[in-house]
Amino acid sequence: DDDDDDDDDDDEEESKDSIVKKHGFLKVQGNKVVDESGQVVRLRGMSLFWSQWKPQFWTAGTTRWLKKKWGITLLRCPMAVEADGYLTHPEEEMGKMKTVVE
């Protein structure tokens with residue numbers, strides 16, 4: 001549930017600053033990830049569980065909490081295709097993806 005996080009929305013402006021807004025296009029240069037100006041960027045992230053098996057974590061509240069509490073800048077969102085996933089429920093699976101991406 002989106003209301004599960006116990007945080008105020010005081011950091012509303014901070015949450016709008018995405019890694020893309022801060023750094024622009026990212027690319028690999030040698031063994032580093034750099035931004036548009038060639039500055040090294042450190043990405044910190046994790047992965048959600050498959051969308052069809054743990055949908056309770058595919059929420060805006062979870063995404064906000066991970067950004068604020070764990071400081072993630074990257075979230076892997078593995079959408080299930082087979083095994084009762086997108087092929088069976090395309091609108092439901094795309095809805096989950098849109099929720100965590102937006």
Side-chain angles (χ1 to χ4, degrees):
D1 187 346
D2 286 349
D3 297 328
D4 286 345
D5 57 359
D6 58 359
D7 303 320
D8 296 326
D9 288 331
D10 294 340
D11 60 340
E12 187 70 25
E13 284 303 311
E14 179 186 332
S15 69
K16 292 180 182 176
D17 290 340
S18 71
I19 195 82
V20 176
K21 184 175 179 182
K22 288 180 181 180
H23 299 284
F25 184 78
L26 303 179
K27 65 181 179 180
V28 175
Q29 193 171 58
N31 64 351
K32 302 195 182 316
V33 176
V34 297
D35 66 11
E36 286 182 336
S37 62
Q39 297 297 310
V40 174
V41 176
R42 178 177 289 176
L43 301 174
R44 293 177 180 92
M46 60 152 301
S47 178
L48 294 176
F49 204 74
W50 289 102
S51 59
Q52 88 281 31
W53 290 326
K54 294 291 182 180
Q56 67 268 34
F57 298 112
W58 284 65
T59 68
T62 298
T63 305
R64 279 192 306 272
W65 188 91
L66 288 168
K67 183 177 181 184
K68 184 173 184 176
K69 298 294 187 175
W70 286 13
I72 68 166
T73 56
L74 180 73
L75 184 61
R76 178 179 177 263
C77 306
M79 178 196 291
V81 176
E82 297 176 354
D84 210 25
Y86 182 81
L87 293 177
T88 310
H89 309 286
E91 290 178 13
E92 183 179 337
E93 294 302 309
M94 283 302 295
K96 293 174 197 172
M97 186 63 70
K98 287 179 182 179
T99 296
V100 296
V101 170
E102 293 176 347

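This chain uses plain numbering: 1 for the first residue, then up along the sequence.
One distance of note links OG1 of Thr62 with NZ of Lys54; it measures 12.5 Å at 0.5 Å rounding. Taken from CE in Met97 to CD in Glu92, the straight-line distance is 13.0 Å, to the nearest 0.5 Å. The line from CZ of Arg42 to NZ of Lys32 is 9.5 Å long, rounded to the nearest 0.5 Å. Atom CG of Leu26 and atom NE2 of His23 lie 7.5 Å apart (nearest 0.5 Å).
Contact check for Gln39 versus Val34: no side-chain heavy atoms found under the 4.5 Å cut-off.
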N/O donor to acceptor pairs below 3.5 angstrom from side-chain atoms of residues 73-86, sequence neighbours left out:
from	atom 1	to	atom 2	distance (Å)
Thr73	OG1	Arg44	N	2.9
Thr73	OG1	Arg44	O	3.3
Arg76	NH1	Ser47	OG	3.0
Asp84	OD1	His89	NE2	2.9

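Under the salt bridge (charged side-chain N to carboxylate O under 4.0 Å, His left out) criterion, Glu36 pairs with no residue, sequence neighbours left out.
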* To do: Quick one: do Glu93 and Lys96 satisfy side chain to side chain contact (heavy atoms under 4.5 Å, CB included)? Show the steps, please.
  => CA-CA 5 Å; Glu93 294 302 309; Lys96 293 174 197 172; 2.8 Å; yes
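Ring geometry for Trp50 versus Trp53: interplanar angle over 60°, hence perpendicular rather than tilted (30 to 60°).
Following chains of ILVMFWY side-chain contacts shorter than 4.5 Å, one can reach Val101 starting from Met94, so the two form part of one hydrophobic cluster.
Taking each heavy atom of Leu48 and Val100 in turn, the nearest pair found is CD1-CG1, 4.1 Å.
Remark: side-chain polar atoms of Trp58 are not paired, donor with acceptor, to backbone N or O of Gln52 under 3.5 angstrom.
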